[in-house]
Amino acid sequence: MKKNFWMLGLIVAMFAASCDTELDDSSIKFTPRLVVNSFVNSDDFFSVQVSQTIPMTDTTFPDFIENANVIVNDGIQDYTLSYNLGLSKYVANFKPVAGKEYKVEVSVPNFSKATGRMTLPNKLNSPKSTWKDNTGFDSFGFETGTITCFIADPQNERNYYEINLYRYDDFIQEWVIMTPTTTDPFLNQNAAKTDLGGFLLDDRTFNGGNRQFEFITSFGSAGNMYKYLVEVRSLSVEYYTYLQSLANYRKTTGLFSDPTPIYSNITNGRGICAGASIQRDTIQ
């Protein structure tokens, strides 16, 4: 017993000493690099946000860079994007087209030129989502409803999806994200959760097929005329890989684990260039 107690004390002392040890970063030379984030979708104008990396010891977020030269090429011509102060982004006057590859080039004085590429996936042509009331009961015996989301997956290609659910709040006059609850074993076992609370999945088990996913709406929606929005995003492989890396990062940020790096596809910089085609169904 005394031996075990002594060993426990030694481990605690070693852990405390390691916590008090500061990282000697005096020999690390920090070189700022551009951070380029371009999350584009089929419904909005092409946009790019530019900032820079900061040292590990810096606790403040960097300002967005407003004097960059941002060029987007669609394989035919170059487009120079203008800075929008309200959005803190460089915005084009066109929306991306499905199936096209886009190259983003960002130049800023005293930085290496940063580049990224992505292809916007095709938009789904799936059946409209539905909602039924009084389809079950929760653990307290209250009635629940069911939202059914359909995905008609294209054949002979790898596809990636993100499913998000929203409910319209009449009081604040805005769409409010709903954390989806499902009994679907595929989603519960294979799909990752996104920052929005939605599901991230690929088509490896249903390639070329039609799938439906059911989500439970809680008591309080049953019997009321709530308006729902079901959003299915067809993601580029870059977008999927980035969101998957975020989900893995959240799982590996514990005290005794090495965090998973966040995916980046920006050459000579950090960030992500990715796209999504969106199908939205509003249910009254």
Side-chain angles (χ1 to χ4, degrees), residues 37-49 51 60-64 83-92 95-96 123-124 126-151 161-184 187-188 191-201 212-235 239-240 242-243 246-247 249-250 272 274-284:
N37 286 316
S38 181
F39 298 97
V40 300
N41 65 71
S42 54
D43 296 344
D44 298 319
F45 291 118
F46 205 109
S47 64
V48 180
Q49 197 165 54
S51 60
T60 60
F61 289 103
D63 294 328
F64 295 116
Y83 189 74
N84 185 304
L85 187 61
L87 298 175
S88 299
K89 295 179 180 180
Y90 295 84
V91 183
K95 297 178 181 179
K123 184 177 292 190
L124 284 175
S126 301
K128 182 178 175 61
S129 300
T130 61
W131 177 63
K132 289 184 179 181
D133 199 4
N134 303 328
T135 56
F137 298 90
D138 62 18
S139 59
F140 297 99
F142 293 111
E143 295 174 341
T144 59
T146 300
I147 289 177
T148 303
C149 167
F150 300 91
I151 293 182
Y161 304 106
E162 179 186 3
I163 302 175
N164 298 308
L165 306 181
Y166 302 84
R167 176 180 61 82
Y168 191 77
D169 191 309
D170 289 321
F171 181 74
I172 62 174
Q173 300 289 299
E174 290 181 2
W175 289 104
V176 178
I177 188 71
M178 294 171 52
T179 301
T181 302
T182 181
T183 57
D184 189 292
L187 292 179
N188 286 326
K193 286 291 188 70
T194 67
D195 286 339
L196 287 177
F199 282 107
L200 184 68
L201 64 149
Q212 67 179 55
F213 302 99
E214 295 184 345
F215 302 95
I216 300 170
T217 58
S218 61
F219 174 76
S221 60
N224 291 284
M225 294 301 292
Y226 278 162
K227 184 187 293 184
Y228 296 105
L229 175 65
V230 180
E231 180 183 76
V232 180
R233 295 175 173 239
S234 299
L235 306 178
Y239 214 146
Y240 176 81
Y242 170 75
L243 292 177
L246 281 181
Y249 178 83
R250 289 194 297 270
I272 185 72
S277 292
I278 304 175
Q279 176 177 312
R280 293 188 176 100
D281 293 329
T282 303
I283 307 170
Q284 179 68 57

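The first residue in the sequence is number 1, and the count goes up from there. Predicted model, so just to flag it, every value in this text is computed and none were measured.
- Considering only heavy atoms from C-beta on, Phe150 comes within 4.5 Å of Thr130 through its side chain.
- Across every non-hydrogen atom of Gly197 and Pro180, the tightest pair is O-CD, 2.8 Å.
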For side chain to side chain contact (heavy atoms under 4.5 Å, CB included), just list the numbers for Leu165 and Val230, CA-CA rounded to whole Å, side-chain angles, deciding distance to a tenth of an Å, and then say yes or no. CA-CA 5 Å; Leu165 306 181; Val230 180; 3.9 Å; yes
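- Between Thr183 and Ile216, the closest heavy-atom pair is CG2-CD1, 4.0 Å.
- For the atom pair CZ (Arg167) and NZ (Lys227), the distance works out to 12.5 Å, reported to the nearest 0.5 Å.
- Using a 4.5 Å heavy-atom threshold, the side chains of Asn164 and Thr194 count as touching.
- Every residue meeting the ring-ring contact (aromatic ring centres under 6.0 Å, His included) condition with Tyr168, not counting sequence neighbours, appears here in chain and number order: Trp175.
- Nearest heavy-atom pair, Gln212 versus Asp184, reported as atom, atom and distance to 0.1 Å: O-OD2, 4.0 Å.
- Taking the side chain as every heavy atom from C-beta outward, Phe199 and Phe213 never approach each other to under 4.5 Å.
- Under a cut-off of 6.0 angstrom, the local environment of NZ in Lys132 is sparse, with at most 12 non-hydrogen atoms contributed by other residues, nucleotides or ligands.
- Between Phe137 and Thr144, the closest heavy-atom pair is N-OG1, 3.6 Å.
- Interatomic distance, Ile283 CD1 to Lys128 NZ, rounded to the nearest 0.5 Å: 6.0 Å.
- Rounding to the nearest 0.5 Å gives a distance of 7.5 Å between CD1 of Ile151 and OG of Ser234.
- At distances below 3.5 Å, not a single donor-acceptor pair connects side-chain atoms of Asn134 with backbone N or O atoms of Glu143.
- Side chain of Asp169 to main chain of Glu174: no donor-acceptor pair is present (N/O by atom type, distance under 3.5 Å, no hydrogens or angles).
- The closest side-chain heavy-atom distance from Met178 to Phe215 is not below 4.5 Å.
- With sequence neighbours left out, Lys123 forms a salt bridge (Lys or Arg N to Asp or Glu O under 4.0 Å) with Asp43.
- The minimum heavy-atom distance between Leu235 and Ala276, with the atom names listed, is CD2-CB, 3.8 Å.
- Within the 4.5 Å cutoff, the side chain of Ser38 has heavy atoms near those of the Phe46 side chain.
- Listed here is the closest heavy atom pair of Asp281 and Ser129: OD2-N, 3.0 Å.
- One distance of note links CG of Leu200 with CD of Glu162; it measures 6.5 Å at 0.5 Å rounding.
- Leu229 contributes atom CG, which lies 9.0 Å from atom CD1 of Ile177 (distance to the nearest 0.5 angstrom).
- Between the OH atom in Tyr161 and the OG atom in Ser126 there is a gap of 7.0 Å [rounded to 0.5 Å].
- Geometric assessment of Lys89 against the ring of Tyr83 yields a negative cation-pi assignment under the 6.0 Å and 45° thresholds.
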